[in-house]
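Take a look at the structure set out below.
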Amino acid sequence: MKLNPSLPLLIRAVCVLSLAVLPACSKKVSPLSEQMVHSQIARCGDATYLDYTDGRLKWSYGPGMELRAYLDVFETYGDTTVFNFVRKWYDSIVTDDGTIQSYTPDRYSSDKICPGKPLFYLYDKTGEEKYRKAIEQVKSQIDGQPRTPSGAFWFKQVYPNQIWLDGVYMVSPFYAEYAARYLEGEAQAAAFDDIVNGIIVAHDKCLDPATGLLRHACDESGKMFWCDPATRGQSFHCWGRALGYYCLGILEVLDWLPEGHDGRRRLTTLLREICNVLPDWADPKSGVWYQVLDQPGREGNYLEATCSAMFVYTYLKGVREGYLDASLQPYAKKLYQDFVNAFVTTDEQGLVSIEQCCSNCGLGGSSNRMGDFAYYLSEPVRPNDAKGVAPFIWASLEMEKIK
C-alpha cells in the first residue's frame with residue numbers, strides 16, 4: 001500500500017520516525033497489534049486510504065473490518081490516537097441525523113452490514129445519538145434482506161437465492177450484537193434462532209463431504225453458471241478466505257449468544273469440525289494455508305495471508321473461549337509464529353506489513369468469475385489488505401493475552 005500522497009511529507013516522516021525510534025528510546029517494543037495499527041496509520045494518514053480506497057469516503061466492509069480491529073487495540077492499550085483515527089472516518093461518513101453517506105440499504109448487499117459493527121462501540125464511548133440512528137439504518141437492511149427457501153439471507157439482491165460464506169460474517173455478528181443489546185423476550189429469542197439457522201444452513205448447503213471443508217457458495221436454485229454440476233448448486237472450490245469469514249462469523253456470534261441458547265452447542269460443534277480438518281489442508285512446510293484451500297500444492301496455487309490470519313485467530317480465540325480443546329493451544333501459538341514467518345515483514349523505516357493478500361474474489365457478476373481454480377488465481381495479490389490486517393491484529397491481541 002502506498003503512503004497517502006495528500007499527507008504532508010514532514011508529518012509522514014514524523015510518523016515513521018516515531019515508529020522506528022520511540023521503541024529504541026524507551027527500550028520497550030510495542031506489542032505487534034499496536035505496531036500493525038500504527039504502521040497502517042503512518043502509511044495511510046487517513047482511513048479513507050485503508051484497503052486501497054484511494055481517498056474515497058466509501059461505506060465498505062474492508063475499512064469497516066479493519067477499523068473495528070483498531071478499536072479493539074484501543075480498548076486494550078488505550079491509545080487515543082487510534083480511537084480518534086477511527087472516529088474521524090465514522091464522523092465523516094455518518095451525518096448528524098444518523099444518515100450513512102454512500103450507503104443504500106435497499107440494494108441489500110450483505111457487505112454493507114459489516115462496517116456497521118463499530119457503530120455500537122462508538123455509541124457506547126461517545127453517547128452521540130447519530131450513531132444509534134445509524135445502527136437502526138443498518139438494521140433496516142437486515143429486516144428487508146431477501147431469503148432463500150431455506151431461510152438464509154441472499155448474499156446480495158443481484159444474486160438471487162445465493163448463500164455465500166462471506167455473508168455469514170458480513171451480517172451475523174452485527175445482527176447478533178443488535179439482538180443482544182436492543183431486543184428482548186420473544187423478539188430476541190427469534191432473532192438468535194434466525195441467526196443460528198442461517199449459519200447452519202450455510203454449512204449444510206456448502207459442505208463438501210469429501211474434504212470436510214465448505215465450498216465458497218451455493219445457489220439454491222442451481223441455475224448459476226458457476227455451479228458445479230456434480231453438486232446441488234455448490235461452487236467448485238473452497239476459497240480460503242470464504243471459510244475464514246465463516247469461522248469468524250461463528251466466533252463473533254458466540255460473543256453475543258446467550259449461555260443457555262442451544263445454538264451455542266450447535267455452532268461450537270461446527271467450529272470444532274472445521275478446525276479438526278483444517279490442519280490436513282495446510283502447507284506441511286510453512287504451516288499456513290493456500291488461496292484455493294482444497295488444492296494444496298497444486299501448481300500456481302499460493303500461500304495466502306488473509307485466510308491464514310483468520311484461521312490463526314480462530315484457533316487462538318477458540319481455545320481461549322473454550323470452544324476448542326485446550327490441548328490445541330501449543331498448535332495455535334505455533335500457527336501464529338508460522339504466520340509471522342510466512343507473511344509479516346518490517347521495512348527499513350520500521351513499518352510492519354502483511355504480504356501475499358488476495359484482493360477480492362467473487363462469483364458471478366462477470367463471465368470470468370466462475371469459481372474455477374484459474375479464476376481464484378487471477379485476482380490481484382497485494383500487501384496490507386484490510387481482510388488480512390484485521391484478523392492479524394485480532395490474532396496478535398490473542399497472543400498478547402497469553403503472554
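Just so you know, these numbers come straight off a predicted model, no measurement behind them.
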For [X] and [Y], does a side-chain donor sit closer than 3.5 Å to a side-chain acceptor?
| X | Y | value |
| --- | --- | --- |
| Y315 | Q329 | no |
| E252 | S172 | no |
| D283 | S286 | yes |
| E129 | Y123 | yes |
| T345 | E355 | yes |
| D208 | H237 | no |
| E379 | S359 | no |
| D91 | Y131 | yes |
| E66 | Q40 | yes |
| E400 | Y77 | yes |
| D106 | T104 | no |
| T306 | E304 | yes |

Can a donor-acceptor pair be found, under 3.5 Å and without considering hydrogens, that links the side chain of [X] to the backbone of [Y]?
| X | Y | value |
| --- | --- | --- |
| N276 | R272 | yes |
| Q291 | Y376 | yes |
| W289 | L278 | yes |
| S110 | F155 | yes |
| D325 | L328 | no |
| E220 | N161 | no |

Let's go through T53 and D51 carefully: what are the C-alpha distance in whole Å and the side-chain angles of both, what is the deciding distance for side-chain hydrogen bond (donor to acceptor under 3.5 Å, both in side chains) to 0.1 Å, and is it a yes or a no? CA-CA 6 Å; T53 46; D51 206 37; over 6 Å; no

Aromatic ring pairing [X]/[Y], orientation class (parallel under 30°, perpendicular over 60°, tilted between):
| X | Y | answer |
| --- | --- | --- |
| F153 | Y175 | tilted |
| F339 | F392 | parallel |
| Y103 | W59 | tilted |

Could you go through Y178 and E136, starting from their C-alpha distance and side-chain angles, then the distance that decides it, and tell me whether this counts as side-chain hydrogen bond (donor to acceptor under 3.5 Å, both in side chains)? CA-CA 9 Å; Y178 184 95; E136 290 299 330; 2.6 Å; yes

Please report the shortest heavy-atom distance between [X] and [Y], naming the atom on each side.
| X | Y | value |
| --- | --- | --- |
| C238 | D294 | N-OD2, 2.9 Å |
| H203 | Y246 | CB-OH, 3.1 Å |
| N384 | C357 | N-SG, 4.1 Å |
| C227 | D219 | SG-CB, 3.8 Å |
| P118 | C114 | CD-O, 4.2 Å |

Look at [X] together with [Y] and state whether they make a salt bridge at an N to O cut-off of under 4.0 Å.
| X | Y | value |
| --- | --- | --- |
| D194 | R147 | yes |
| K88 | D46 | yes |
| D124 | R181 | yes |
| R87 | E128 | yes |
| E177 | K117 | no |

Does Q162 reach the side chain of W164, with side-chain heavy atoms less than 4.5 Å apart? yes

Can you tell me if [atom1] on [X] sees more than 12 non-hydrogen neighbours from other groups inside 6.0 Å?
| X | atom1 | value |
| --- | --- | --- |
| R232 | CZ | no |
| R369 | CZ | yes |
| D96 | CG | no |
| K139 | NZ | yes |
| R107 | CZ | no |

Run the side-chain hydrogen bond (donor to acceptor under 3.5 Å, both in side chains) check on R215 and S235 step by step: do they pass? CA-CA 6 Å; R215 297 195 184 185; S235 58; over 6 Å; no

I want to check a possible cation-pi pair here: R264 against Y323, using under 6.0 Å from ring centre and within 45° of the ring axis as the test. no

Using a 6.0 Å distance limit plus a 45 degree cone around the ring axis, check whether R43 lies over the aromatic ring of Y49. no

Rounded at 0.5 Å granularity, tell me how far CD1 in I195 sits from CG in N197. 11.0 Å

Under the salt bridge (charged side-chain N to carboxylate O under 4.0 Å, His left out) rule, what do R68 and D72 come out as? Steps first, then yes or no, please. CA-CA 7 Å; R68 175 62 258 194; D72 291 326; 2.7 Å; yes

